[in-house]
Amino acid sequence: MTIHDLPDAAGEPGDTSGLSRFAAAIRSRMVGPGGYYNLGNGLGLVTGVTVQIVAVPPGSALSGHAALLDYFVGSIAALSLTLATLVFFWSGEIYCRAWARKPPPDASLNRLGDMLSGVGAIGLGVALFLFGEPVLAATSGFLHALGKFGSAFEDGRPLLGWPANWPNPFRSAVLASRLPAMVSAVVGSGGALQLAWSGASWTLVAAPLTLLVCYLLWAKADLLLLLQEVRAGSALASSSGNRDGA
């Protein structure tokens, strides 16, 4: 038996069409912000759940199921974070649909994605505040929400008094809201690495390092939305200039 005799994802020997379709579907979801948002969401969720289960001491009365229950709904903060994550997944899917037929993205779906992301950011801000992280609550939560809601209500119109050739202030606010958390994740990763080299469990490194990767993915998605606004603004300015010149 050769490798070509083995069934592939489509179930037929030597037929790679199923695998190709799967790869094409993944690539199509990464053309816009939704794929990056949900890739970060999924990575953060899987890592958080894994670390929570691994952290249960051997022989502990706390079972894996109980640890998961505590992770998702064990407190008001945990419940807020769980609900925020669900909303973020939903908004990521809406962004995927909005950008499925680019260019340009579907404006109404893009606005819906912004609104949902703003709601999720409020839930995240509440969770971070209850977890004792007021600075991150203000930035990753409420500054993020302000940027998303502002983007939704702005609806592509130039902000009064804002220079047309400057980056969109609301999209820029969302991107800026990532920076404090990224710095915190870098610092946390460095501290965890020192502890791991001293003999502590390497699982300590997983959470902050994964969080940093997640924030980089989310920032990439924010940047795609920001650049789309820049292109739309440039097209609008060019159209206005052409009409004025005529």
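If you read the sequence from its start, that first residue is 1, and numbering goes on from there.
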Peer 1: Can a donor-acceptor pair be found, under 3.5 Å and without considering hydrogens, that links the side chain of S177 to the backbone of L143?
Peer 2: no
Peer 1: Provide the closest heavy-atom pair for R111 versus A152 in the form atom of the first, atom of the second, distance.
Peer 2: CD-O, 3.4 Å
Peer 1: Do you know the tightest heavy-atom contact between A145 and I122?
Peer 2: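 Looking at all heavy atoms of both residues, the shortest contact is CB-CG1, 3.9 Å.
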Peer 1: For the atom pair CE (M30) and CG (L224), what is the distance rounded to the nearest 0.5 Å?
Peer 2: 9.0 Å
Peer 1: If I take atom NZ from residue K220 and atom CG from residue L175, how far apart are they, to the nearest 0.5 angstrom?
Peer 2: 12.0 Å
Peer 1: Using the ring of each side chain (for Trp, its six-membered ring), is F149 parallel, tilted or perpendicular to F153, with breaks at 30° and 60°?
Peer 2: tilted
Peer 1: Tell me whether F131 is reachable from L136 by hopping between hydrophobic residues (I, L, V, M, F, W, Y) whose side-chain heavy atoms are closer than 4.5 Å.
Peer 2: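 Yes, L136 connects to F131 through the hydrophobic network.
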Peer 1: Using the rule given for side chain to side chain contact (heavy atoms under 4.5 Å, CB included), can you reason through R171 versus K148, listing the C-alpha separation, both sets of side-chain angles and the distance that settles it, and then say yes or no?
Peer 2: CA-CA 7 Å; R171 297 292 184 199; K148 287 294 187 177; 4.3 Å; yes
Peer 1: Check whether any side-chain heavy atom of L130 sits under 4.5 Å from a side-chain heavy atom of L81, and report yes or no.
Peer 2: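 Side chain of L130 against side chain of L81, heavy atoms only: no contact under 4.5 Å found.
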Peer 1: Taking CZ in F129 as the centre, count heavy atoms belonging to other residues, nucleotides or ligands within less than 6.0 Å. Is the count above 12?
Peer 2: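 Counting other residues, nucleotides and ligands, CZ of F129 stays at 12 neighbours or fewer.
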Peer 1: Look up atom CD in Q228 and atom CH2 in W99, then write down how far apart they are to the nearest 0.5 Å.
Peer 2: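 With rounding to 0.5 Å, CD (Q228) is 4.5 Å from CH2 (W99).
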Peer 1: Taking L124 as the starting point, is it possible to reach L86 by hopping between hydrophobic residues whose side chains are less than 4.5 Å apart?
Peer 2: no
Peer 1: Any idea which heavy atoms bring C214 and G40 closest together, and the distance?
Peer 2: SG-O, 3.2 Å
Peer 1: Quick check for you: to the nearest 0.5 Å, what is the distance between L116 atom CG and L109 atom CG?
Peer 2: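 L116 CG to L109 CG: 10.5 Å, rounded to 0.5 Å.
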Peer 1: Run F72 and V49 through side chain to side chain contact (heavy atoms under 4.5 Å, CB included) and show every step you take.
Peer 2: CA-CA 9 Å; F72 287 114; V49 168; 3.6 Å; yes
Peer 1: With a 3.5 Å distance limit and no angle check, can you tell me whether S117 reaches the backbone of G113 through a side-chain donor-acceptor pair?
Peer 2: no
Peer 1: Show your reasoning for whether side chain to side chain contact (heavy atoms under 4.5 Å, CB included) applies to L128 and S140.
Peer 2: CA-CA 9 Å; L128 288 169; S140 295; 4.0 Å; yes
Peer 1: Any idea which heavy atoms bring G120 and F88 closest together, and the distance?
Peer 2: C-CZ, 3.3 Å
Peer 1: Any idea which heavy atoms bring T47 and A206 closest together, and the distance?
Peer 2: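 Shortest heavy-atom contact: CG2-O, 4.0 Å.
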Peer 1: Indicate, with yes or no, if V51 and V46 share a hydrophobic cluster defined by side-chain heavy-atom contacts under 4.5 Å among Ile, Leu, Val, Met, Phe, Trp and Tyr.
Peer 2: no
Peer 1: Have a look at N41 and tell me which of L39, N38, L43, L45 forms a side-chain contact (heavy atoms from CB on, under 4.5 Å) with it.
Peer 2: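 Exactly one candidate clears the test, N38.
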Peer 1: Pair up each side-chain donor or acceptor in residues 180-195 with any protein partner under 3.5 Å, not counting sequence neighbours, and list the distances.
Peer 2:
{"from": "S189", "atom 1": "OG", "to": "A185", "atom 2": "O", "distance (Å)": "2.8"}
{"from": "S189", "atom 1": "OG", "to": "L209", "atom 2": "N", "distance (Å)": "3.4"}

Peer 1: Would you say W197 and V205 are hydrophobically clustered, going by side-chain heavy atoms of ILVMFWY under 4.5 Å?
Peer 2: yes
Peer 1: How many angstroms lie between atom CH2 of W218 and atom OH of Y37, to the nearest 0.5 angstrom?
Peer 2: 10.5 Å
Peer 1: Just by distance, no angles: are the side chains of N168 and E154 close enough, under 3.5 Å, to form a donor-acceptor pair?
Peer 2: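 A pair is found: one side chain offers a donor N or O, the other an acceptor, under 3.5 Å apart.
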Peer 1: Which heavy atom in Y36 sits nearest to a heavy atom in L217, and how many Å separate them?
Peer 2: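 Closest approach of Y36 to L217: CB-O, 3.6 Å.
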Peer 1: Working to the nearest 0.5 angstrom, can you tell me the gap between L211 CG and L216 CG?
Peer 2: 10.0 Å
Peer 1: Run the side chain to side chain contact (heavy atoms under 4.5 Å, CB included) test on R178 and L223 for me, step by step, so that the C-alpha distance in whole Å, both residues' side-chain angles and the decisive distance to 0.1 Å come before the verdict.
Peer 2: CA-CA 11 Å; R178 309 292 188 185; L223 190 58; over 6 Å; no
Peer 1: Would you find a donor on one side and an acceptor on the other, under 3.5 Å apart, between the side chain of Y95 and the backbone of D114?
Peer 2: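 Yes: the side chain of Y95 pairs with the backbone of D114.
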